[in-house]
Chemist: 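Dropping the structure in here first, questions after.
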Amino acid sequence: MIKIFIFVLILACLPLSGLYSKTNEEQQSEFGIVIHGGAGGITRESYTPEQDAAYREALSEALRVGYEILKNGGNSLEAVESAIRIMEDDSLFNAGRGAVFTADGKNELDASIMDGSTLNAGAVAGVTRIKNPITLARLVMEESRHVMFAREGAEVFGDQHGIETVPEDYFFTERRWRTLQRIQEREAAEERGGTVGAAALDKNGNLAAGTSTGGMSNKRFGRIGDSPIIGAGTYANNKTCAVSATGHGEYFIRLSVAYDISALMEYKGLSLREAGDRVVMEKLPDIGGYGGVIAIDQFGNIAMPFTTAGMHRGYVLDDGEFVVKLYGDE
Ligand code: ASP
């Protein structure tokens, strides 16, 4: 009886002692999702009002799908995969349907996904007929004993698991084709970006991240960027944060950008914002790289640093307020 009394007394005193707070930081949001649709020379002047509205609409739709899953108690992996699938199916983005062309006029797609609660991960590189590479990446994570499959092997694995495939011309879009022509005629080095990614925190405190891309316009055959590389373009760890990157992939690989942000939080105790700024705004430009990341930590803090003129991006937390931005300021 006395033991029960003491136990109840301790419980009653916990809120006063502050021991209820999870760690040294306040929980900002019980759950949330943050997404990107690529970084690059995205300025208000470069978009027509219709394009501006189309990007905002597409990003909002991806956020809405992820938000519904999280609000209803679904897990962060599901939210990340579903949000990315929406953007893969939309030709506005350089992922899935709207993938850019390689130098020899083909589409080679990369994707990866990571579960922050187990550190399990899956990735595919250079696939040519998978409708939703992010779903194949998740299959690799959940149904194989490997982390990454490339090219034909990835497709055979997908076929064995009944993944949806499409003819290669599904990925032909006039806009991306013209971009390739312009780059090859040296009329433009311009690439606005359009890789997609998502990072989410669910009600159980689990983090997940994923990224999907067609890579960079005019890339050489077999070139693989950062997006399918765990630690470079994607990383998630429940102890720290979930990150998805976009930008010039070679630099993101060399700096292990996504993992470096997590490591700065884990080993140096930096906040998400500090770690993101240190890596994206300082270390990346120092070696000549450019791009950005979106990230969420276990407390529901969001960071979206980028060095380019703009980055298609947005987030929604447990208050249900959707934030979508394209340019430097809005
Ligand atoms: N990071 C991607 C790659 O290098 C491209 C991008 O995000 O725009 O393949």
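First listed ligand is number 1; within each ligand, the first listed atom is number 1.
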Chemist: Determine whether a donor-acceptor pair (N or O, by modelled atom type, separation under 3.5 Å) exists between the side chain of S217 and the backbone of F101.
Modeler: no
Chemist: Numbering the atoms of ligand 1 from 1, which are under 4.0 Å from a heavy atom of S227?
Modeler: 1 (N), 2 (C)
Chemist: Using a strict 4.0 Å cut-off to heavy atoms of G215, name the atoms of ligand 1 that fall inside it.
Modeler: 5 (C), 9 (O)
Chemist: If we only consider heavy atoms of G38, is any one of them less than 4.0 Å away from an atom in ligand 1?
Modeler: no
Chemist: Which atoms of ligand 1 have any heavy atom of D226 under 4.0 Å away?
Modeler: 1 (N), 2 (C), 3 (C), 4 (O)
Chemist: Near G247, which atoms of ligand 1 are under 4.0 Å from a heavy atom of that residue?
Modeler: 1 (N), 2 (C), 3 (C), 4 (O), 5 (C), 6 (C), 7 (O), 8 (O)
Chemist: Tell me, do R151 and E108 make a side-chain contact under 4.5 Å, heavy atoms counted?
Modeler: yes
Chemist: Counting only heavy atoms, tell me which of R223, M216, K219 gets closest to atom 9 (O) of ligand 1.
Modeler: R223
Chemist: Going by heavy atoms in the side chains, are I130 and E155 under 4.5 Å from each other?
Modeler: yes
Chemist: Any atoms of ligand 1 less than 4.0 Å from a non-hydrogen atom of T246? List them with their elements.
Modeler: 6 (C), 7 (O), 8 (O)
Chemist: Could you pull out the closest heavy-atom pair between G300 and L317, with the gap in Å?
Modeler: O-CD2, 3.7 Å
Chemist: With a 4.5 Å cut-off on side-chain heavy atoms, are M216 and V100 touching?
Modeler: no
Chemist: Please confirm whether the ring centroid of F93 lies under 6.0 Å from the ring centroid of Y55.
Modeler: yes
